[in-house]
Amino acid sequence: MPDEELFFTPTSDDLQARRLCGLAIAFSNAKTPLSSPEIHAAHYPDLSDDSFLRKFSRDREKLVECGLVIRKVGHDGREALWQASESSFADGSFLSPQDALMLDVLCAQLVKDPSFPWRDELRLALAKIDHAYGTLTAVRIAPTRKPDVTLQTMLSCVEHTSCAEISYVNAKGVRTQQTVAPYGHFSFRNTIYFVCAQVDGGEVQQGGLRTYRIDRIERAKQLATKFELPEDFCISDHVLLPFQIGPTVCTVRLAATAESDKDLLAELDRHANLDDEGIREVPASDLTAVARWAIAAGLRPVGPQELTDAYRSVLGEAAQATAQPQPPVDGKAPRKASKGRRGRTGAGNDLREIMALLGSLESEGATLTPEVVKDRLGVSIEHANKLINLISTACVDTNYYLPLGDTEDGGVFLSRSKGVTGRAARLTQNETHALLEALDALHFPADDPLRSDILAAFGSPKVNEKDLQEHVEEVLSSQDNETLEACSRAISEGSGISFSYLSTGQTVATRRQVTPQAVRRANGQWYLDACYGPDASSLRTFRVDRMREVRITAPKAELPQQASREAQAERKVGITFANASPLDLFEWPGLEVLGRHGELIVAQLPYYGGNWLPRHLAACGELASSSDEDLAQRVRTLARALLA
């Protein structure tokens with residue numbers, strides 16, 4: 001590894017992470033208990049006896065947070081003896097490499113999903129489970145931001161039924177200090193919402209639950225005050241339609257048409273009452289948002305008059321749509337966290353990543369390179385170099401120094417010349433919980449053997465088989481899970497798949513044969529991106545829940561990755577949004593936000609023909625424009641037809 005990459009000026013956090021890494025390596029490899037004097041001399045040589053005992057106690061707490069439990073197991077004369085609990089280490093024999101790779105392919109999509117609240121814990125769980133880092137696997141985990149301390153605090157409050165003191169900024173920009181009891185959370189349009197009861201004078205107020213967006217909670221502090229979750233509370237009762245976020249202003253009436261989107265209509269029916277004339281009546285908070293949503297869903301507004309006026313106004317804007325060149329990007333993508341919400345990560349976060357990396361160095365020849373670490377952990381190349389450096393220099397001048405050699409590409413490999421190796425650590429309790437949440441999102445049934453295998457191999461000792469079975473309240477769709485599993489195996493093997501597919505508006509399924517490229521998740525739905533057509537040169541997107549009778553086949557046509565990227569680029573159209581409200585109101589599968597131009601949001605989106613995208617752009621009115629003239633013409637034609 002070049003000197004400028006290997007050596008850096010360590011901070012106090014780096015020195016602590018290096019010491020903790022050294023303790024992890026030593027206790028992972030010690031065949032017999034280690035005495036306090038041994039530990040003191042090897043890892044705390046500059047401290048007095050009292051200072052050593054205090055710092056060693058704090059370090060053991062840090063290691064417990066990362067899944068490594070060190071216990072006092074006796075005395076050697078007057079000195080205490082310490083040993084790592086065997087329950088801290090994974091038993092990979094329960095899980096095949098193929099299953100670990102499949103989890104990578106599928107779960108990595110959840111790591112990228114901002115509406116998945118456990119994504120940082122899942123990132124580290126996947127890094128521990130699929131710990132073959134010598135070569136790149138089929139999926140690279142996307143770079144992640146620093147852990148969101150506010151989100152972690154609110155999740156902890158939900159888990160431990162603890163009240164929280166929060167600083168909240170509402171939609172009008174008014175900041176208030178509140179004490180709340182977080183009952184639960186749900187995800188909607190790439191944002192996480194918490195349903196909370198109000199707390200006044202230390203007492204939880206009954207009724208009047210409020211919903212808080214996580215990106216508007218500036219700070220959160222977990223309190224010692226506990227609350228009891230009402231027996232009749234169900235989070236699904238509070239999952240709202242996008243035009244219902246906020247105080248209710250009126251009840252609107254909507255009628256279905258022959259063009260109604262079946263998925264959006266089903267979403268509406270979960271919240272609406274049906275009158276004798278077949279009209280849906282539903283509470284609303286924003287009439288303009290209702291009008292836009294009705295256009296996208298293919299619904300006709302019946303009343304009140306203010307709604308029909310808003311409906312015609314939005315369509316009037318869309319009827320004037322013209323193709324607009326996309327402005328250059330002059331800033332980063334929107335939705336950045338406000339300053340002060342993300343704290344210093346410290347040695348603890350580095351150690352969690354180091355613990356995942358150590359598991360890859362358990363056999364002779366195992367390799368860590370900066371590029372692979374960057375891709376697998378989703379960190380910068382500088383941070384990857386730092387992590388490798390901390391591992392390489394831990395336990396120097398002790399009996400447990402890892403015998404690492406340098407590779408030509410700036411990495412290290414395990415020579416086994418001393419017999420000291422890394423060991424795969426079990427998941428922490430939060431990482432186990434994140435993985436179970438991911439399996440739920442992937443529709444793994446409650447009785448799927450893979451759940452038990454994962455728990456036995458890597459799960460936290462604090463999560464037992466009973467907890468695992470009780471985690472899923474209802475049996476999820478095994479059909480969707482089998483489809484996702486087939487897609488992931490085809491991607492990892494470079495195979496094709498065939499399946500029956502029922503498109504929107506069709507009553508008869510057609511048989512398709514494709515070469516899968518990626519699976520992704522957007523707003524609770526799973527999608528497959530695949531090369532399709534006679535020469536597999538067209539990239540198409542398929543809804544996983546509409547795929548049936550999936551079979552893995554040989555690829556219909558070999559398609560180089562470069563050709564695949566070019567096919568995808570040829571099908572993308574530029575979209576410019578006036579602000580972020582359309583991103584909150586609708587889901588846009590495949591949308592890639594490129595950045596900002598002033599207040600404008602510059603994006604691109606795959607377009608395969610049909611009316612879905614023209615209808616959604618018409619629903620945006622003057623809030624969105626396309627750079628594609630054909631698409632703009634379709635928006636005008638559709639808007640004028642609806643006005644007529």
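Ion pair Arg615/Glu259 not flagged as a salt bridge, since none of the NZ, NE, NH1 or NH2 atoms sits closer than 4.0 Å to an Asp/Glu carboxylate oxygen. Using a cutoff of 4.0 Å between basic side-chain nitrogens and carboxylate oxygens, Asp350 and Lys386 are scored as salt-bridged. Glu353 and Lys128 are not joined by a salt bridge, as no carboxylate oxygen comes within less than 4.0 angstrom of a charged side-chain nitrogen. Remark: Arg213 engages Asp584 in a salt bridge, criterion side-chain N to carboxylate O under 4.0 Å. One finds a salt bridge joining Arg352 and Asp120 here, because a Lys/Arg side-chain nitrogen approaches an Asp/Glu carboxylate oxygen to under 4.0 Å.
Side-chain contact check for Ile497 versus Met547: some heavy-atom pair is nearer than 4.5 Å. Within the 4.5 Å cutoff, side-chain heavy atoms of Phe577 are placed close to those of Trp588. With a 4.5 Å cut-off on side-chain heavy atoms, Trp118 and Asn430 count as touching. With contacts defined as side-chain heavy-atom distances shorter than 4.5 Å, the pair Trp526/Asp545 does not qualify. Contact of the Ile601 side chain with the Arg596 side chain is registered, since non-hydrogen atoms from C-beta on lie closer than 4.5 Å. Between Leu427 and Leu124 there is no side-chain heavy-atom pair separated by less than 4.5 Å.
Using modelled atom types and a 3.5 Å distance limit, the side chains of Thr322 and Gln324 yield a donor-acceptor pair. Side chains of Ser581 and Asn579: a donor-acceptor N/O pair is present below 3.5 angstrom, by distance only. Defined by atom type and a distance below 3.5 Å, a donor-acceptor pair is present between the side-chain atoms of Thr176 and Gln178. Gln633 and Thr637 share a donor-acceptor pair across their side chains, judged by distance under 3.5 Å alone. For Ser156 and Gln222, the side-chain atoms include at least one donor-acceptor pair closer than 3.5 Å.
In this structure, Glu629 places its CD atom where more than 12 heavy-atom neighbours from other residues, nucleotides or ligands lie under 6.0 Å away.
With hydrogens and angles ignored, the 3.5 Å screen pairs no side-chain donor or acceptor of His185 with any backbone N or O of Tyr193.
Evaluation of the ring pair (Phe, Tyr, Trp, His ring centres under 6.0 Å) rule for Tyr311 yields no partner, not counting sequence neighbours. Looking at residues two or more places apart in sequence or on another chain, you find a ring pair (Phe, Tyr, Trp, His ring centres under 6.0 Å) between His238 and Phe233. Residues meeting the ring pair (Phe, Tyr, Trp, His ring centres under 6.0 Å) test with Tyr212, sequence neighbours left out: Tyr168. Residues passing the side-chain contact (heavy atoms from CB on, under 4.5 Å) test with Thr576, sequence neighbours excluded: Gln326, Pro327, Leu600, Ser625. Residues forming a salt bridge (Lys or Arg N to Asp or Glu O under 4.0 Å) with Asp309 (at least two apart in sequence, or on another chain): none. When the side-chain hydrogen bond (donor to acceptor under 3.5 Å, both in side chains) test is applied to Arg175, the partners found at least two apart in sequence or on another chain are Glu218.
Checked against a 6.0 Å centroid threshold, the rings of Tyr501 and Phe542 count as neighbours.
Listed here is the closest heavy atom pair of Leu151 and Ile214: CA-CD1, 3.9 Å. Closest non-hydrogen pair, Val314 versus Cys620, comes out as CG1-C, 4.5 Å.
Separating the NZ atom in Lys374 from the CG atom in Leu387 is a distance of 13.5 Å, to the nearest 0.5 Å. Within the model, atoms CG of Leu390 and CG of Asp13 stand 10.5 Å from one another, a figure rounded to the nearest 0.5 Å.
Relative ring orientation between Phe586 and His616 is described as perpendicular, the plane-to-plane angle rising above 60° on a 0-90° scale split at 30° and 60°.
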